[in-house]
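In what follows, chains carry the letters A, B, and so on, assigned in the order in which the sequence lines appear, proteins first and then strands, with residues in each chain numbered from 1.
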Amino acid sequence: MLDGGTPAAPGLGKALLDWYRRCQRPLPWRGERDPYRILLAEVLLQQTRVAQAIPYYRRFLERFPTLEALGRAPLEEVLRVWQGCGYYARARNLHRLAQQTRTLPSTYAGLRKLPGLGPYTAAAVASIAFGEAVAAVDGNVRRVLSRLYAWEDPPPKRLQQLAQGLLEGALGWASPGEWNQALMELGATLCTPRRPACPRCPVERFCRGKGEHDRYPLPKSRRQKPLELTALVLRGPAGVYLEPRPEGALGGLWGVPMAEGPEGLEQLLRRFGLKEARLVGGLRHDFTHRRLQVWVYQAPWEGGEDPKKRPLSRLDQKILALLGAT
DNA sequence: AACTCGGGGAC
DNA sequence: GTCCCAGAGTT
């Protein structure tokens, strides 16, 4: 409960819970009991905003209503439903999980062993679906606690202890799942990164970082490295030539042939026995840590297939859209 | 501990 | 343009 001399202020828990029960956003997975659906929501929400996750949540459940249905489906079909959502390892892990287990474990320890379930997601599912008293610490909770205790860069371990102490202190009037979600909801709707709505915050009077939200937590800078790519769209009567992306980045998805660097075009031409290709245009695409400049070339081809039948990344969709080849 | 992995929305 | 989102896995 105590962590470096930062006890939970009395009254904080109740204030937060009252607010949460009144003001929570109506989301498709609110009140959900099916552990599979709760798990799906949590995985979709990994590094993904609620608004973006919702349509995928609905579509995914429509196509794979149960863990069994997911396990029976081919990976490529799972990825096709996931396409455009990013972080495709989530879909691969979820599919692998569904093939491993028909029934989800009901404890944090059991869930934690499953592919794609890290500390946060295992805790979220354990608490929300099974009522286990374990704190789920995500980016929201990290920010809320950092501000609440005016702690610029709280170490992950301390943060977990702090959140666990708060949760246990709140057990008298909140279920573990409800408490975890209340803390996250606060971070997602009021205690936001840029301009927090402190006047509307139910726990403002407990907040030691109030008025200095930009210090808590300290922003971590990350820089993007520029990368130049050449893409070759081979167009034939039946569509375009597609190939599976190599393992690693975008693994499991398909796309048009691409090569890195200034020699990219020559490599591609050599690879397909072509003399020339026509430059159709360029586009930019950002990954979290990369800034891509893509030069798109086009050449005639004999074969090809319908791109709609393959799972494609947003990057490849952009490339194909550039030529109207979708 | 430091990288890598998507995509998009808010500002 | 920048930041970061209901993070996890690998090195």
Side-chain angles (χ1 to χ4, degrees), chain A residues 20 24-25 27-30 32 38-57 79 82-94 96-97 111-128 135-146 153 155-157 159-160 163 177-189 191-197 213-214 217-225 227 245-253 255 284-292 311-318:
Chain A
Y20 178 65
Q24 63 175 270
R25 296 165 293 177
L27 302 176
W29 45 85
R30 290 273 192 246
E32 181 57 57
I38 294 169
L39 168 64
L40 173 64
E42 293 305 333
V43 171
L44 272 170
L45 289 167
Q46 289 169 4
Q47 295 291 282
T48 305
R49 294 173 188 280
V50 166
Q52 186 186 352
I54 288 177
Y56 285 95
Y57 178 78
L79 285 167
W82 203 276
Q83 78 174 347
C85 196
Y87 283 121
Y88 300 95
R90 295 183 295 176
R92 297 195 298 270
N93 285 332
L94 206 50
R96 194 150 55 92
L97 182 158
L111 289 161
R112 185 66 183 79
K113 294 176 186 164
L114 299 175
L117 295 197
Y120 164 74
T121 308
V125 174
S127 63
I128 299 170
V137 178
D138 72 334
N140 289 311
V141 176
R142 189 158 39 249
R143 182 174 56 256
V144 168
L145 296 186
S146 169
D153 189 21
K157 200 168 180 179
L159 212 43
Q160 188 70 37
E178 193 176 27
W179 174 258
N180 281 333
Q181 292 182 85
L183 221 40
M184 291 190 277
E185 186 78 355
L186 182 66
T189 61
C191 196
T192 52
R194 305 285 182 92
R195 294 169 53 180
H213 57 265
D214 39 348
L218 284 177
K220 38 183 142 187
S221 60
R222 44 183 114 163
R223 54 195 136 172
Q224 297 177 312
K225 292 172 187 169
L227 182 63
R245 288 258 173 259
E247 294 300 313
L250 305 179
L253 280 74
R284 278 191 29 193
H285 187 75
D286 287 338
F287 290 159
T288 305
H289 55 287
R290 289 254 195 286
R291 166 146 303 173
L292 306 184
L312 300 178
S313 72
R314 208 56 115 190
L315 173 57
D316 283 284
Q317 292 178 21
K318 277 193 198 173

- Query: How far does NZ of Lys113(A) sit from CG of Leu97(A), to the nearest 0.5 angstrom?
  - Reply: 13.5 Å

- Message: In whole Å, I'd like the distance from the CG atom of Leu315(A) to the P atom of dG6(B).
- Response: 11 Å

- Query: With rounding to whole Å, what would you report as the distance between dA8(C) and dG9(B) at their P atoms?
  - Reply: 23 Å

- Message: Taking any heavy-atom pair under 4.0 Å as a contact, classify Trp29(A): base, sugar-phosphate, or nothing.
- Response: base

- Mind checking Thr121(A) for me? I need base, sugar-phosphate or nothing, with any heavy atom below 4.0 Å counting as a touch. sugar-phosphate

- Query: Taking atom P of dC5(B) as reference, at what distance in whole Å does atom CG of Leu227(A) sit?
  - Reply: 10 Å

- Closest to side chain of Val50(A), choosing from dC5(C), dA6(C), dT4(B): dA6(C)

- Query: Is any side-chain N or O of Arg291(A) closer than 4.0 Å to OP1 or OP2 of dG1(C)?
  - Reply: yes

- Residue Pro219(A), side-chain heavy atoms: nucleotide from dG7(C), dC4(C), dA6(C) that is nearest: dC4(C)

- Message: Looking at Gln46(A), I'd like to know whether one of its side-chain N or O atoms comes within less than 4.0 Å of OP1 or OP2 on dG7(C).
- Response: no

- Task: List in chain and number order the residues that pass salt bridge (charged side-chain N to carboxylate O under 4.0 Å, His left out) with Arg194(A), two or more places apart in sequence or in another chain; answer none if no residue qualifies.
- Result: none

- Task: Take atom P in dT4(B) and the same atom in dA6(C), then report the distance between them in whole Å.
- Result: 24 Å

- Message: Side chains of Gln52(A) and Arg49(A): any donor to acceptor distance under 3.5 Å?
- Response: no

- Do you see a donor-acceptor pair shorter than 3.5 Å between the side chains of Arg314(A) and Gln83(A)? no

- Salt bridge flag under 4.0 Å for residues Arg90(A) and Glu42(A): no

Polar atom pairs (N or O), protein with nucleotides 9-11 of chain C, under 3.5 Å:
residue : atom : partner   : partner atom : Å
dG9(C)  : OP1  : Gly116(A) : N            : 2.4

- Message: According to ring pair (Phe, Tyr, Trp, His ring centres under 6.0 Å), who are the partners of His285(A), at least two apart in sequence or on a separate chain?
- Response: Phe287(A)

- Query: Rounded to whole angstroms, how far apart are CG on Leu159(A) and C1' on dG7(C)?
  - Reply: 14 Å

- Message: Around atom CZ of Arg195(A), are there more than 12 heavy atoms from other residues, nucleotides or ligands closer than 6.0 Å?
- Response: no

- Message: Categorize Tyr87(A) for me: base, sugar-phosphate, or nothing, with a 4.0 angstrom heavy-atom threshold over every strand shown.
- Response: base

- Side-chain donor/acceptor of Thr288(A) to base of dG6(B), under 3.5 Å: yes

- Apply ring pair (Phe, Tyr, Trp, His ring centres under 6.0 Å) to Tyr57(A) and list each qualifying residue two or more places apart in sequence or on a separate chain. Trp29(A)

- Taken to the nearest whole Å, OH/Tyr120(A) to P/dG7(C) is 6 Å

- State which residues pass side chain to side chain donor-acceptor pair (under 3.5 Å) with Arg92(A); sequence neighbours excluded, sorted by chain then number. none

- Between dG8(B) and dG9(C), how far is it from one C1' atom to the other, in whole Å? 23 Å

- Message: At 4.0 Å (heavy atoms only), tell me whether Glu42(A) reaches a base, stays on the sugar-phosphate, or touches nothing.
- Response: nothing

- Item | Rounded distance (Å) that lies between atom P of dT4(B) and atom CG of Leu292(A) | 13 Å

Check the interface with nucleotides 8-11 of chain B: list each N/O to N/O pair with the protein under 3.5 Å, or write none.
residue : atom : partner   : partner atom : Å
dG8(B)  : OP1  : Arg314(A) : NE           : 2.3
dG8(B)  : OP1  : Arg314(A) : NH2          : 2.4
dG8(B)  : N2   : Arg49(A)  : NE           : 3.4

- What is the nucleic acid contact for Leu253(A), judged by heavy atoms within less than 4.0 Å: base, sugar-phosphate only, or nothing? nothing

- Message: Could you tell me how far apart Asp138(A) (CG) and dA6(C) (C1') are, to the nearest whole angstrom?
- Response: 4 Å

- Taking every heavy atom of Ala126(A) against every heavy atom of Leu111(A), the minimum-distance pair comes out as N-CD1, 3.6 Å

- Which part of the nucleic acid, if any, lies within contact of Arg143(A), taking any heavy atom under 4.0 Å across all strands shown: a base, the sugar-phosphate backbone alone, or nothing? sugar-phosphate

- Message: Nearest whole Å is fine: how far is dG7(C) P from Leu111(A) CG?
- Response: 17 Å

- Roughly, in whole Å, what's the span from CD in Gln160(A) to C1' in dG7(C)? 13 Å

- Query: Can a side chain N or O of Thr48(A) be found less than 4.0 Å away from OP1 or OP2 on dG7(C)?
  - Reply: no

- Message: Side chain of Pro193(A), heavy atoms from C-beta onward: which of dT4(B), dC5(C), dG6(B) has the nearest atom to it?
- Response: dC5(C)

- So, do Asp153(A) and Pro217(A) sit near enough that their side-chain heavy atoms are less than 4.5 Å apart? no

